[in-house]
Every structure is written in C-alpha cells, then in structure tokens.
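The next block holds one structure in the form of structure tokens; read it before the comments.
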Amino acid sequence: MLSKKQESLLQKVQKPARYIGGEVNSVVKDKSKIKFRYAFCFPDNYEIGMSHLGMKILYSLVNEREDAWCERVFAPWVDMEEEMRKNNVPLFALESGDSLSEFDMIGFTLQYELSYTNILNMLDLGGVPIKSKDRKNLTPLVVAGGPCACNPEPIADFIDLFMLGEGEEVTNELIDLLEKHKEMGSDKYEFLCEAAKIQGVYVPSLYDVSYNADGTVKNIANKATAPKRVKKRIIGDLNKVYYPDKFVVPFIDVVHDRAVCEIFRGCIRGCRFCQAGFIYRPIREKNYGTANRQAKRLCDSTGYDEISLCSLSTSDYTGIDKLIPEMFSWALKENINVSLPSLRVDNFSDELMDELKKIRRSGLTFAPEAGTQRLRDAINKNVTEEEVISTCEKAFVGGWTAVKLYFMMGLPTETLDDIAGIAELAQKVVDLYYSNPGKPKGKGVTVSISVASFVPKPHTPFQWEPQDTMDMLVEKQKHLLSSVHSKKIQVSWHQSPTSFLEGVLARGDRKICDVIYSAWKKGCKFDSWDEFFDFDKWMEAFDECGVNPSFYANRKREYDEILPWDHLDYGIRKDFLIDENKKAHMSVTTPNCRQKCAACGAAKLNGGKCDAKR
C-alpha cells in the first residue's frame with residue numbers, strides 16, 4: 001500500500017505502473033502476523049526484473065511460509081529516482097510501500113556485471129549504508145546470489161554474504177538462522193560465523209586476501225568458522241524441488257511477458273566460452289510429466305497465451321519428444337503458443353519440426369558462435385556447417401522465412417578469416433532459401449547476424465585468456481561489415497566499451513570495489529543501458545583508484561596464478577579446465593556429456609549423480 005506522498009510522485013513519471021504493485025497473484029500479508037521480512041531486489045528496471053525466473057521462484061517460495069513475507073524491489077527509472085530524492089522518499093517495496101531499511105534481509109540477484117552500480121544506488125536510495133562494515137546491526141542483512149556470484153570479489157565490500165549456486169533450499173535455511181539469531185539477540189558477526197557453516201554461503205568478511213607485488217593474488221586465507229573452499233549449493237531432484245504454480249502478472253508489457261516452465265538445469269555441451277554451461281552443472285532433468293503439469297497450472301493461473309520452455313539447450317532435453325505433444329494437447333485448444341528457445345542445430349529433429357509447424361511461426365534462432373569450423377572446434381561448439389545448413393533447410397521447407405544466427409567476436413585463436421566466415425555462412429543460408437523450390441511465394445528471407453564480444457569468464461576453460469582490446473574489436477567489426485554483400489543479411493553487435501568493462505568486472509578482485517564505489521559517486525548507474533553508460537566516468541574512477549583495467553581484461557593469466565575466485569568451488573576440476581584450454585589452442589574437441597563423460601567433477605556435488613549419464 002503506497003502512502004499519499006509516494007502516490008503523489010506517480011503523476012510526474014513515465015510508466016507509474018512500475019511502482020504501484022497490486023498485480024494479479026502478488027502477495028500481501030499482515031505485518032503483525034509475520035516474523036521475517038525479505039526484500040528481493042532486482043538491480044534493473046521493472047520490465048527486466050519481472051521477466052526473471054529466479055525472482056518468480058524465490059518470491060513464491062518465501063511467501064509459502066506463514067512466518068515470512070517476500071516483497072519485490074526494482075531499480076527506479078531515472079525520472080522516478082529524481083522525484084524520490086527531491087521529495088525525500090526512500091526506495092520502497094511494491095507490496096507494502098515500506099522502505100528497504102525496514103526489512104530483515106535485502107537480497108540482490110546478480111545477473112549481469114554492469115548492474116553493480118545499481119546495487120549501490122538502490123541501497124543508498126533505500127536508506128541503507130552501502131558498505132557492509134558500516135552496517136553494524138544484525139539487520140538489515142544484505143545478501144546476493146545468481147550467476148555473477150561465482151566471482152563476487154568486485155562487490156565483496158558491499159554484501160554481507162553471498163549464496164553460491166541454487167537458492168531454493170539455502171534461502172529457507174538462512175531465514176531460519178536469521179530468525180533464530182534475532183530472537184537470541186546475537187550480533188552480526190556471531191550470525192555470519194554460523195551462516196558460513198551452511199554449504200553454499202560465502203561470507204567475504206571472513207576471508208583475508210593478500211597480493212603480490214605485481215598485483216596478482218598472493219593468498220586467500222579463511223578465518224573463524226569459514227571453510228577454506230566454499231562449495232556451491234545444488235538441487236538434487238528437480239521433480240521434488242519447489243516450483244510456483246502462479247506468477248505475478250504485470251500490468252504493463254515486460255521483456256518476457258509469458259509463463260515459463262523450467263525443464264532441466266545444466267548443459268551437456270561444454271562450450272569453452274560459456275560460463276552458464278559450467279557453473280550450472282551437473283545435468284538434472286525434470287520428468288516430462290512434471291514439466292507438463294507445471295506448465296498447465298501456470299497458464300491456468302496467469303492467463304498467459306504463451307509459455308516458454310526454459311533451459312540452456314531445450315532440444316537436448318531427453319523428454320522433448322514426449323513433452324511437446326503432451327503440451328500441445330491442451331495448449332493448442334486454448335490458443336496458447338509454446339516457445340522453444342535455445343534449440344541446437346545438431347539435434348533439431350524432423351519430428352520436432354513437424355510439431356513446431358502446429359504453432360505460430362516466428363523466426364528461428366541458432367547459435368553457430370563462430371564463422372569457421374576451425375574456430376568452432378577451438379571453442380568446442382561441436383556443430384558443423386553442414387548441420388547449420390541442413391537445419392535451416394528444414395526450417396525453410398517448413399515455411400519459416402527468418403533465421404537469426406548468434407556469433408561471438410574476439411574468441412581465443414580468432415583471425416580475420418574467421419570473421420569473414422561469419423558473413424560467408426550467412427550468405428550460404430540466404431542462397432539456400434532461394435534455392436528452395438517450395439519457398440512461400442512473394443516472401444523474401446531475412447538472416448540476422450547478432451555478434452557479441454567475447455568476455456572471458458570465471459570457472460570456464462577460457463578464464464585465463466586475454467580479452468581483445470577495444471581497438472581489436474572495432475577492426476573486426478569493420479571487417480565483418482565489409483564482408484557482407486547482401487541486403488538480406490542484417491548485422492548487429494555489442495559495443496566494445498561495455499564489453500571491456502564487463503571483462504574487468506567479471507574477473508576482478510577486491511580492488512575493484514573502490515572503483516565501483518567511485519564510479520557510482522560520479523553518477524554511474526544503469527550501465528547496461530547505452531543511453532546511460534558513461535565510459536569516461538568509469539575510466540576516471542579507475543585512474544583515481546590507481547587501478548589499471550587492462551590488467552583484468554586484456555592480460556593472459558598463467559595456469560599457476562591464484563585467481564580471485566579460486567576459493568569458491570563450483571564443482572569443476574581446475575585441471576579439467578586447464579586441459580580444455582590446451583585443447584582449444586589445438587582446435588581439438590571434447591565429446592558432449594551424453595556421448596562420453598569428461599569427468600569434469602561436477603557430479604561430486606550431487607552424490608555422483610548426473611542425468612547426462614542416462
């Protein structure tokens with residue numbers, strides 16, 4: 001419930017529905033009947049945050065408890081922030097309208113490195129001290145989780161504890177523990193020492209980091225009850241883990257405005273650039289019957305006319321040929337579209353194509369990632385040009401007229417010939433369409449090339465690799481454009497300054513904390529948005545803090561260097577990653593997990609179980 005003062009701001013901003021709450025399936029509780037209040041914060045705007053599956057799961061999970069109330073908080077857009085600061089209105093949660101400072105636990109999800117300044121801005125706007133050392137009381141406790149928590153060091157000064165891995169179980173354990181320590185009257189240090197004993201909980205203040213003269217990490221020493229290495233948490237059985245039967249339905253359009261059904265976690269592929277493919281291992285599949293029931297319930301409770309299957313590689317799901325017909329048996333009757341993102345070109349079966357013909361046709365998206373076979377082998381994509389062409393041919397015969405191809409630029413061992421190969425592959429797809437005698441009359445083809453700049457990420461075989469400099473990336477972008485000779489091919493790419501900063505924050509250490517704080521003080525926020533990103537201010541912040549960003553982004557690391565995240569155990573053996581890195585430089589591939597287990601080590605976190613071995 002918003003106060004009159006909060007409501008008075010809404011007439012002065014665009015999209016006031018971002019801030020009013022009260023949506024279908026949102027949860028409002030009686031504050032006098034609960035013991036624990038949790039503010040789940042998404043450090044970006046409402047439209048992006050409301051599209052995030054993790055928030056939907058944990059919001060419902062906590063609200064299933066009678067003793068706890070989870071509320072949503074999003075980064076206010078600049079017009080709203082200006083009015084809030086002008087009128088001394090602190091950042092508030094949508095369900096109650098209460099300030100961040102009134103909550104027991106404030107949790108941030110870390111989906112993207114360029115959202116870090118928004119975390120600082122949201123804490124400040126909510127009246128919460130930004131640095132952990134300045135928050136003396138037990139509550140509010142500031143926690144964080146998500147994929148970027150696999151290297152939390154660049155924001156270690158601001159977060160009390162991180163949840164590594166999957167949050168369904170550890171969230172409830174932390175709530176129980178914090179409730180217990182509130183009742184005992186414990187101080188913050190006593191609580192953190194006990195929290196550090198929970199698997200998946202990393203308390204940065206319980207670790208001391210020392211550095212060598214050259215700026216590399218010398219040692220990471222654990223203190224008190226903290227383990228030497230923190231193991232991530234995983235869910236062993238997706239058929240038994242909590243999954244919501246309803247989502248909050250927004251009043252306004254959001255980025256992914258549809259129901260979402262998760263079908264499995266992890267990835268069998270082992271693409272050497274892909275952080276998600278490694279940190280979400282081992283593979284765990286949800287039974288197709290469970291997935292179908294959950295999908296049906298979500299559509300019934302939300303009224304959505306589209307449901308998307310969520311995974312890193314949907315066509316690798318072993319139950320896909322059974323799940324799709326089951327879902328179509330009710331979805332088609334109710335005019336509900338079934339979306340299958342993350343399809344693989346090497347297992348896009350005729351049966352799957354026949355099923356997809358039954359639903360609304362949109363463009364098909366595939367990710368060859370590299371323009372030549374040599375480079376695809378180096379990154380272990382395990383996809384051939386013949387498979388790309390064959391899959392596009394199936395799509396064109398099936399009536400599709402638009403194909404989007406995802407590539408990366410700046411990959412290790414890449415040459416300009418590899419860049420030209422992107423345009424050549426796209427041209428072959430265009431030519432293929434016009435050679436198809438059954439193509440729709442009067443319709444042309446559109447082949448979109450989307451090129452991301454490669455950023456080396458922790459816990460991957462490429463974590464030791466240098467990132468291309470901005471000048472190198474600009475040269476490659478120009479070479480790609482000059483290699484495209486058809487108006488049927490559309491090209492887009494990521495801006496190199498944002499990729500450079502992402503590279504710094506992804507592999508940074510605790511010295512980056514001061515840089516992020518300085519950049520925020522200079523006004524940096526919404527750094528992932530082109531209209532707000534200010535590269536010059538970031539460079540000023542690096543200069544003022546005496547930190548060279550190229551040291552983190554563009555430097556090759558040796559295998560024996562202590563990396564800032566080496567004390568965090570995501571299950572993947574370091575010697576396995578080293579072997580994969582060496583194979584990349586020889587363009588040697590590793591079979592996917594279903595063809596042959598590569599003994600990466602991830603299954604040890606799940607009692608030796610990995611569904612890829614089925």
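Side-chain rings of W520 and Y116 stay apart, their centers remaining 6.0 Å or farther from each other. Taking the six-membered ring for Trp and the full ring otherwise, the centers of F454 and F462 sit less than 6.0 Å from each other.
Ring pair W77/F532 is perpendicular by interplanar angle, where above 60° counts as perpendicular and below 30° as parallel. Note: F535 and F533 have tilted aromatic rings, judged against thresholds of 30 and 60 degrees for the angle between ring planes.
Partners of E393 according to the salt bridge (charged side-chain N to carboxylate O under 4.0 Å, His left out) rule, which considers only residues two or more places apart in sequence or in another chain, do not exist here. Shown here are the side chain to side chain donor-acceptor pair (under 3.5 Å) partners of D566, two or more places apart in sequence or in another chain: K574. Residues that satisfy the side-chain contact (heavy atoms from CB on, under 4.5 Å) test with Q495, not counting sequence neighbours, are W493, P497, T498. Every residue two or more places apart in sequence or in another chain that forms a salt bridge (charged side-chain N to carboxylate O under 4.0 Å, His left out) with K522 is listed here: E540, E544. A search for ring pair (Phe, Tyr, Trp, His ring centres under 6.0 Å) contacts involving F108 returns nothing, not counting sequence neighbours. With sequence neighbours left out, K582 forms a side chain to side chain donor-acceptor pair (under 3.5 Å) with no residue at all. Judged as a side chain to side chain donor-acceptor pair (under 3.5 Å), and not counting sequence neighbours, the contacts of H585 are E465. Applying the side chain to side chain donor-acceptor pair (under 3.5 Å) rule to N554 yields the partners S550; only residues at least two apart in sequence or on another chain are considered. Residues satisfying the salt bridge (charged side-chain N to carboxylate O under 4.0 Å, His left out) criterion with R258, sequence neighbours excluded, are E306. With sequence neighbours left out, the salt bridge (charged side-chain N to carboxylate O under 4.0 Å, His left out) criterion links K583 to E580. Partners of C274 according to the side-chain contact (heavy atoms from CB on, under 4.5 Å) rule, which considers only residues two or more places apart in sequence or in another chain, are C271, A276. In this structure, F264 has no ring pair (Phe, Tyr, Trp, His ring centres under 6.0 Å) partners at least two apart in sequence or on a different chain.
The side-chain heavy atoms of F366 and V429, taken from C-beta on, include no pair separated by under 4.5 Å. Annotation: side chain of W529 is not in contact with side chain of L114 (no heavy-atom distance under 4.5 Å). Counting heavy atoms from C-beta outward, R281 and C600 have side chains that approach closer than 4.5 Å. In this structure, the side chains of H494 and M409 stay at 4.5 Å or more apart for every pair of heavy atoms.
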Show your working on side chain to side chain contact (heavy atoms under 4.5 Å, CB included) between L309 and I320 and close with a plain yes or no.
-> CA-CA 10 Å; L309 300 184; I320 192 72; 4.2 Å; yes
Side chain to side chain contact (heavy atoms under 4.5 Å, CB included) evaluation trace for I489 with I449 | CA-CA 7 Å; I489 300 173; I449 298 173; 3.4 Å; yes
Could you go step by step and tell me if K15 and Y46 meet the side chain to side chain contact (heavy atoms under 4.5 Å, CB included) rule?
-> CA-CA 10 Å; K15 298 188 179 180; Y46 177 91; over 6 Å; no
Run the side chain to side chain contact (heavy atoms under 4.5 Å, CB included) check on I512 and F542 step by step: do they pass?
-> CA-CA 8 Å; I512 301 297; F542 279 107; 4.1 Å; yes
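Within the 3.5 Å criterion, the main-chain N or O of H479 finds a donor-acceptor partner in the side chain of S483. Under a 3.5 Å cut-off, the side chain of E326 and the backbone N or O of K322 do not form any donor-acceptor pair. Remark: the backbone N or O of S499 is paired with a side-chain donor or acceptor of Q467 at under 3.5 angstrom. Of the possible donor and acceptor atoms, one in the side chain of N380 sits under 3.5 Å from a partner among the backbone N and O of T590. In this structure, the side chain of D418 engages the main chain of T415 through a donor-acceptor pair within 3.5 Å. Looking only at distances, a side-chain donor or acceptor of H459 sits under 3.5 Å from a matching main-chain atom of C150. Between the side chain of R265 and the backbone N or O of Y280 there is no donor-acceptor pair closer than 3.5 Å. Formation of a donor-acceptor pair under 3.5 Å by the K286 side chain with backbone atoms of E262 is found in this model.
Here the NZ-NE2 distance, from K487 to H485, works out to 14.5 Å after rounding to the nearest 0.5 Å. In this structure, CG on N151 lies 11.0 Å from CD1 on I279, to the nearest 0.5 angstrom. How far OG of S313 is from CD1 of I263: 9.0 Å, rounded to the nearest 0.5 Å. Taking OG of S492 as the start and CD of Q477 as the end, the distance is 10.5 Å to the nearest 0.5 Å. Between atom CZ of residue R284 and atom CG of residue D611 there is a gap of 8.5 Å, rounded to the nearest 0.5 Å. Expressed to the nearest 0.5 Å, how far CG of N118 lies from CG of N45 amounts to 9.5 Å.
Closest non-hydrogen pair, T413 versus A378, comes out as OG1-CB, 4.0 Å. Taking all atoms of both residues into account, the shortest heavy-atom contact from Y434 to G444 is OH-CA, 3.5 Å. Taking every heavy atom of both residues into account, G49 and M55 meet most closely at O-SD, 3.8 Å.
Side chains of Y559 and N581: a donor-acceptor N/O pair is present below 3.5 angstrom, by distance only. Looking only at atom types and distance, the side chain of T216 has no donor-acceptor partner in the side chain of R557 under 3.5 Å away. Under 3.5 Å, the side chains of Y288 and D321 contain no donor-acceptor pair of N or O atoms. Defined by atom type and a distance below 3.5 Å, a donor-acceptor pair is present between the side-chain atoms of E81 and N121.
The side-chain contact (heavy atoms from CB on, under 4.5 Å) test with K381 is passed by exactly one of R272, E369, R269: E369. If you run side-chain hydrogen bond (donor to acceptor under 3.5 Å, both in side chains) between K457 and each of E113, Q463, Q275, only E113 comes through. Partner of I307 under the side-chain contact (heavy atoms from CB on, under 4.5 Å) criterion, out of I336, T302, N337: I336 alone.
Within 6.0 Å of CD on Q14 lie no more than 12 heavy atoms contributed by other residues, nucleotides or ligands. By the neighbour-count criterion of 12 heavy atoms within 6.0 Å, atom NZ of K556 is densely surrounded, having more than that number from other residues, nucleotides or ligands.
Between R555 and E561 there is a salt bridge, with a side-chain nitrogen of the basic residue lying less than 4.0 Å from a carboxylate oxygen of the acidic one. One finds a salt bridge joining R594 and E285 here, because a Lys/Arg side-chain nitrogen approaches an Asp/Glu carboxylate oxygen to under 4.0 Å.
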